[in-house]
Amino acid sequence: MKIRVVSSKEEISTLDPEERIVHFAFRPSNQDIFSLVIRCPKVKVIHIPSSYLRTVSRFAEMYLEMQGIELIEGDVWGHRKDINEYYEIPQELFDRLKQYRADKMPEKDIIEKLTRQTRLSPALIAFLVKNN
């Protein structure tokens, strides 16, 4: 699974309309969020670093909720945008998830364990657990 990393508001207009998960690596304004939703109607998750998430307006949060888009906190550690515009979630994470489910591990424990094993945020791990 890939997360499209967006470094500036100018990049929003160049996004593939089929994007499903987008990470804002800058502090998005309400207009940036609305532009993203219009440009990418199939987006399901907007991933934002915690320091930027605190500045997202309540109006934008409600708008995303009405659109069925999750706004989740987290970062893409170690990603180099100059090398690849996508951050790829390793297949190993999905393999572990499948194994933990086969072992009948509770969802809460799966999220905790995968969060410790990866550098992904608990919110993103929870989304992946629920949707895979």
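Position 1 is the first residue of the sequence; numbering continues from there. The basis for the numbers below is simple: all heavy atoms, side chains too, and nothing from hydrogens, waters or symmetry mates.
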For a quick test of reading the model, state the closest non-hydrogen atom pair linking [X] to [Y] and the distance between them.
X     : Y     : value
Pro41 : Pro17 : CD-O, 3.7 Å
Glu61 : Val56 : OE2-O, 3.8 Å
Arg39 : Thr14 : NH2-C, 4.1 Å

Next item on the list: Please work out which of the three classes, parallel, tilted or perpendicular, describes the rings of Phe24 and Phe26, given edges at 30° and 60°.
Entry: perpendicular

Measuring from [X]:[atom1] to [Y]:[atom2], what's the distance to the nearest 0.5 Å?
X      : Y      : atom1 : atom2 : result
Leu53  : His47  : CG    : NE2   : 10.0 Å
Tyr63  : Leu71  : OH    : CG    : 13.0 Å
Arg101 : Glu107 : CZ    : CD    : 7.0 Å
Ile48  : Arg54  : CD1   : CZ    : 12.0 Å
Ile110 : Thr115 : CD1   : OG1   : 11.0 Å
Gln31  : Leu36  : CD    : CG    : 11.5 Å

Do [X] and [Y] have a side chain donor and acceptor closer than 3.5 Å?
X     : Y     : value
Gln99 : Asp95 : no
Ser29 : Asp32 : yes
Glu10 : Ser8  : yes

Could you give the side-chain donor-acceptor pairs of residues 120-132 under 3.5 Å, partners two or more places apart or in another chain?
| from | atom 1 | to | atom 2 | distance (Å) |
| --- | --- | --- | --- | --- |
| Ser121 | OG | Glu73 | O | 2.7 |
| Ser121 | OG | Leu124 | N | 3.1 |
| Asn131 | ND2 | Phe127 | O | 2.8 |
| Asn132 | ND2 | Leu128 | O | 3.1 |

Item checked: Flag if over 12 foreign heavy atoms under 6.0 Å of CD, Glu65 -> no

Flag the pair [X] / [Y] as yes when at least one side-chain heavy-atom distance between them is below 4.5 Å, and no otherwise.
X      : Y      : value
Tyr100 : Lys113 : yes
His23  : Pro49  : yes
Glu11  : Arg4   : yes
Ile12  : Phe34  : no

Notebook entry, point to check: Between Asp16 and Glu18, is there a donor-acceptor pair closer than 3.5 Å when you use the side chain of the first and the backbone of the second?
Noted result: yes

Next item on the list: May I ask whether Val37 and Met62 are part of the same hydrophobic cluster, defined by side-chain heavy atoms of I, L, V, M, F, W, Y residues being less than 4.5 angstrom apart, directly or through others?
Entry: no

Next item on the list: Identify whether Ile38 and Leu15 are in the same connected component of the hydrophobic contact network (ILVMFWY, side-chain heavy atoms under 4.5 Å).
Entry: no

Margin query: Among Ile72, Ile46, Ile3, exactly one meets side-chain contact (heavy atoms from CB on, under 4.5 Å) together with Ile21. Which residue is that?
Written below: Ile3

